Amino acid sequence: MTDAPAAPVFRMEDLVALCRRRGFVFQSSEIYGGINGFWDYGPLGTALKRNLKDAWWRDMVACPPDGPDGRPLSIVGLDSTIIANPKVWEASGHVGGFNDPMVDCRESKARYRADHLMVLVGADDDGSRRMVGFLEGDDAGREKAGKSLAKYEKREFDPANYAIRPFTQLAATDLSRVLGPDAKEPGSLTEPRMFNLMFESHAGAIRDEDSKVYLRPETAQGIFVNFQNVLDSTRVRVPFGIAQIGKAFRNEVTPRNFTFRSREFEQMEIEFFIRPDEAETWYPFWRDLRHAWWRSIGLTGENLVLREHDRDELAHYAKEGAGTCDIEYRFPFTAPGFGELEGVAHRSDFDLKRHAEFTGKGEKSRYFDQERNERYFPHVIEPSAGADRGTLAVLCEAYTPDDSRPSGVVMKFHPRLAPVKAGIFPLVNKDGMPEVAEKLHRELRVKYACEFDPKQSIGKRYARMDEAGAPYCFTIDSDTLADQTVTVRERDTLSQERISIDRVATYLAERIDG
RNA sequence: GCGGGUGUAGCUCAAUUGGUAGAGCGUCAGCCUUCCAAGCUGAAUGUUGAGGGUUCGAGUCCCUUCACCCGCUCCA
């Protein structure tokens, strides 16, 4: 990464402005002032995102490549609900994990997880002595706290004279005598406050604790809880995958960076179930396949990277395993750093085991492998991609300022993802040309998203198609009427060539369908 | 959640010490137009982000709030 090229040479606000101007992305409920962390897709953005999801579904579910064993992957689809029995989230660990109390320091503006915060206090504390905070596991911080306390009390520091207590066990009245880890005066720490990262609602008319439900924070659990249903209803056997595209919700503390960190977002997830001893084969397979897929839909530049996680940043379900990696993109707002598009994780058998435990089915729910004549909880390789983040990366990759063009900018989408595949124009809006163009449009629109536009000058129409990212334009002129040929204008090169009008559909098929 | 900045037509921006909210571009309609936002004529468009206050009078001053941007923080 040392000689990585410079970040994209455009300002994010220019892309945001284009997205709004051309109808890719709008702020949610904008006429009421918007709402933080929520975004709507306009006509072009909807088409773009749909094309991305369709490409994923086709390449991963309908027509996946061969696996490492040389046989086609077996992957089936699922569409589970956003709201489920709340026990799902107790089993998955989200109810606990999403409720971390946080402590803010008014003086240093730092924020700490309350359960990571400890205080050093005199062992013979009588309720009036100063306490000094430090972070659990931070030996240097703890030493510093000791020195600070000894200096304050003007005596030698002897660990035997001090006790360590969790911050969470302090009474509210004690806070005024606690010195924060990064503070100079005591009393700057707030009481622990809950940051509930799962959205809550209520199912049914009565709004009480029993009716409380959660909007799912990931689509994955819908797959795990349907694992047995899919096995029983579908002729699949390990190794196989279950795929799902759907909305998920996280009450992010700080939504930021356009659609990158939204509170409502869409995931494209596969849980691929494997034999426990084959993770070392399947994990690198999926990692490389997913990396290659993002490249195949147009993220071909240096801004796409694959990054293996360090051991200490792994999630609770992946501590032991074949590995976890992020597929990351260098967005203008992360540059020179990167932002995550997709995580590929070996989740081990964590989730299936947890649901076996929480449903009380236990070992009985183990999978029976007929070929091996043995029972086990399958392990899982999870490629989990963000549809909105992917769409945003595609928008960033496509955005190409070009002062030599009238539009000033061109969106160079991969033809497969382009929301409009072609513009179809009569060179002038008379002499029979619009009729021919409209007929061509009617034929092409059956298979490809095309725009017929007879108005204004040809230059304006090309410029508009540049901003919409249409890879091709077909123009009918007076020669068309004589020899049945049209001009193809290519978006990226601005080249023009003439082809027969009855070859237009084939021309598009060769370039869009591969 | 903290600090800083921004907010006027779809976009870019004007609007004197507080004194009738405007222009260009784009959009739309018509004319014209034989290949890259050409030209002519005309049209639509705003509770100046929202709410409150001061004032005879607020885009302008004050308060509150919302959204976006930058920096922290957070991201199981």
Side-chain angles (χ1 to χ4, degrees), chain A residues 11-14 16-23 26-39 42 89 92-100 102-113 115 182 188 190 193-198 217-218 250-258 260-263 265 313-319 326 332-333 339-340 343 345 402 404-410 423 425-431 433 454-467 473-481 486-491 494-498:
Chain A
R11 298 183 310 165
M12 195 60 200
E13 56 195 281
D14 291 335
V16 174
L18 180 137
C19 283
R20 168 173 172 63
R21 190 167 73 244
R22 288 300 174 195
F26 306 127
Q27 206 179 352
S28 171
S29 45
E30 186 192 78
I31 62 171
Y32 288 106
I35 178 168
N36 196 358
F38 297 87
W39 300 88
W89 308 112
S92 70
H94 288 83
V95 170
F98 270 65
N99 287 287
D100 296 328
M102 306 295 293
V103 174
D104 286 319
C105 176
R106 297 189 195 91
E107 183 192 317
S108 68
K109 309 304 180 194
R111 169 174 288 172
Y112 315 97
R113 269 179 64 166
D115 57 331
D182 303 295
S188 66
T190 64
R193 288 180 286 204
M194 299 295 262
F195 284 82
N196 203 332
L197 291 181
M198 273 203 292
E218 64 174 19
R250 295 180 194 180
N251 206 354
E252 298 286 355
V253 176
T254 312
R256 198 60 79 81
N257 293 330
F258 203 29
F260 183 79
R261 179 165 296 141
S262 298
R263 288 177 166 145
F265 57 99
E313 60 177 315
L314 294 184
H316 59 82
Y317 50 73
K319 286 294 182 197
D326 282 346
F333 49 78
E340 179 185 353
D402 183 348
S404 71
R405 296 184 188 231
S407 61
V409 61
V410 54
F425 311 141
L427 185 56
V428 292
N429 197 16
K430 62 177 185 181
D431 298 340
M433 296 178 208
K455 299 293 182 65
Q456 300 179 310
S457 73
I458 192 72
K460 282 193 183 187
R461 288 176 275 166
Y462 285 149
R464 274 197 289 265
M465 285 296 104
D466 279 350
E467 283 199 338
C473 292
F474 300 101
T475 301
I476 279 71
D477 59 20
S478 54
D479 290 345
T480 308
L481 307 175
V486 299
T487 302
V488 188
R489 181 258 197 188
E490 212 274 331
R491 177 194 66 200
L494 297 178
S495 68
Q496 297 195 349
E497 61 171 316
R498 291 198 78 88

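To find a chain, count down the sequence lines: A is the first, B the second, and so on, and within it residues start at 1. What you see is a predicted model, and the numbers here were worked out from it, not measured in a lab.
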Please confirm whether any donor atom in the side chain of [X] sits under 3.5 Å from an acceptor in the base of [N], or the reverse.
X      : N     : value
A/Y32  : B/C66 : no
A/T487 : B/C35 : yes
A/Q496 : B/C35 : yes

For A/S407 and A/D466, the nearest pair of non-hydrogen atoms, with its separation, is OG-CB, 3.8 Å
Base, sugar-phosphate alone, or nothing: which one does [X] contact when heavy atoms must sit under 4.0 Å apart?
X      : answer
A/R22  : base
A/R489 : base
A/F425 : nothing
A/N36  : sugar-phosphate
A/D479 : nothing
A/G23  : nothing
A/E340 : nothing
A/N257 : sugar-phosphate
A/R405 : nothing

Ignoring hydrogens and geometry, is there a side-chain-to-backbone donor-acceptor pair from A/R461 to A/P426 under 3.5 Å? yes
Test item: A/D477 side-chain N/O and A/T480 main-chain N/O as donor-acceptor pair under 3.5 Å: yes
Name the atoms and distances for all side-chain donor-acceptor pairs under 3.5 Å in residues 27-39 of chain A, with sequence neighbours left out.
| residue | atom | partner | partner atom | Å |
| --- | --- | --- | --- | --- |
| A/E30 | OE1 | A/R20 | NH1 | 3.4 |
| A/E30 | OE2 | A/R20 | NH1 | 2.9 |
| A/W39 | NE1 | A/F258 | O | 3.1 |

Length of the line joining [X]:[atom1] and [N]:[atom2], which is rounded to integer Å:
X      : N     : atom1 : atom2 : answer
A/R256 : B/G5  : CZ    : C1'   : 12 Å
A/R261 : B/C72 : CZ    : P     : 13 Å
A/E13  : B/G5  : CD    : C1'   : 12 Å
A/L494 : B/C35 : CG    : C1'   : 12 Å
A/N429 : B/C32 : CG    : P     : 11 Å
A/Q27  : B/G7  : CD    : P     : 16 Å
A/R20  : B/A67 : CZ    : P     : 17 Å
A/E30  : B/A50 : CD    : P     : 13 Å

How many angstroms lie between [atom1] in [X] and [atom2] in [Y], if you round to the nearest 0.5 Å?
X      : Y      : atom1 : atom2 : result
A/R489 : A/M465 : CZ    : CE    : 10.0 Å
A/T487 : A/D479 : OG1   : CG    : 7.5 Å
A/F265 : A/E252 : CZ    : CD    : 7.0 Å
A/Y462 : A/T475 : OH    : OG1   : 3.0 Å
A/L494 : A/R405 : CG    : CZ    : 4.0 Å
A/R250 : A/R261 : CZ    : CZ    : 10.0 Å

Distance between the [atom1] atoms of [N] and [M], in whole angstroms?
N     : M     : atom1 : value
B/G59 : B/U20 : P     : 10 Å
B/U8  : B/A14 : P     : 11 Å
B/C32 : B/U41 : P     : 16 Å
B/C2  : B/A21 : P     : 37 Å
B/A9  : B/C31 : P     : 32 Å
B/G5  : B/A38 : C1'   : 41 Å
B/A15 : B/G22 : C1'   : 7 Å
B/G18 : B/G57 : P     : 16 Å

At under 4.0 Å, does any side-chain N or O of [X] touch on OP1 or OP2 of [N]?
X      : N     : value
A/K455 : B/C28 : no
A/S457 : B/A38 : yes
A/R250 : B/A76 : no
A/Q456 : B/U27 : yes
A/K460 : B/C35 : no

Can you tell me which nucleotide in B/C36, B/U27, B/A76 comes closest to the side chain of A/P406? B/C36
Which nucleotide wins on minimum distance to the side chain of A/E467, given the candidates B/U34, B/C35, B/A37? B/A37
Both A/D466 and A/R21 contact RNA chain B. Which one's nearest nucleotide lies toward the 5' end? A/R21
Pick the closest RNA chain B nucleotide for A/F333 and for A/I35 by heavy atoms, then say which residue is nearer the 5' end. A/I35
Could you spell out the base pairing of RNA chain B in dot-bracket, with Watson-Crick or G-U pairs whose two distances are under 3.5 Å, [ ] crossing and | to another strand? (((((((..((((.....[..)))).(((((.......))))).....(((((..]....))))))))))))....
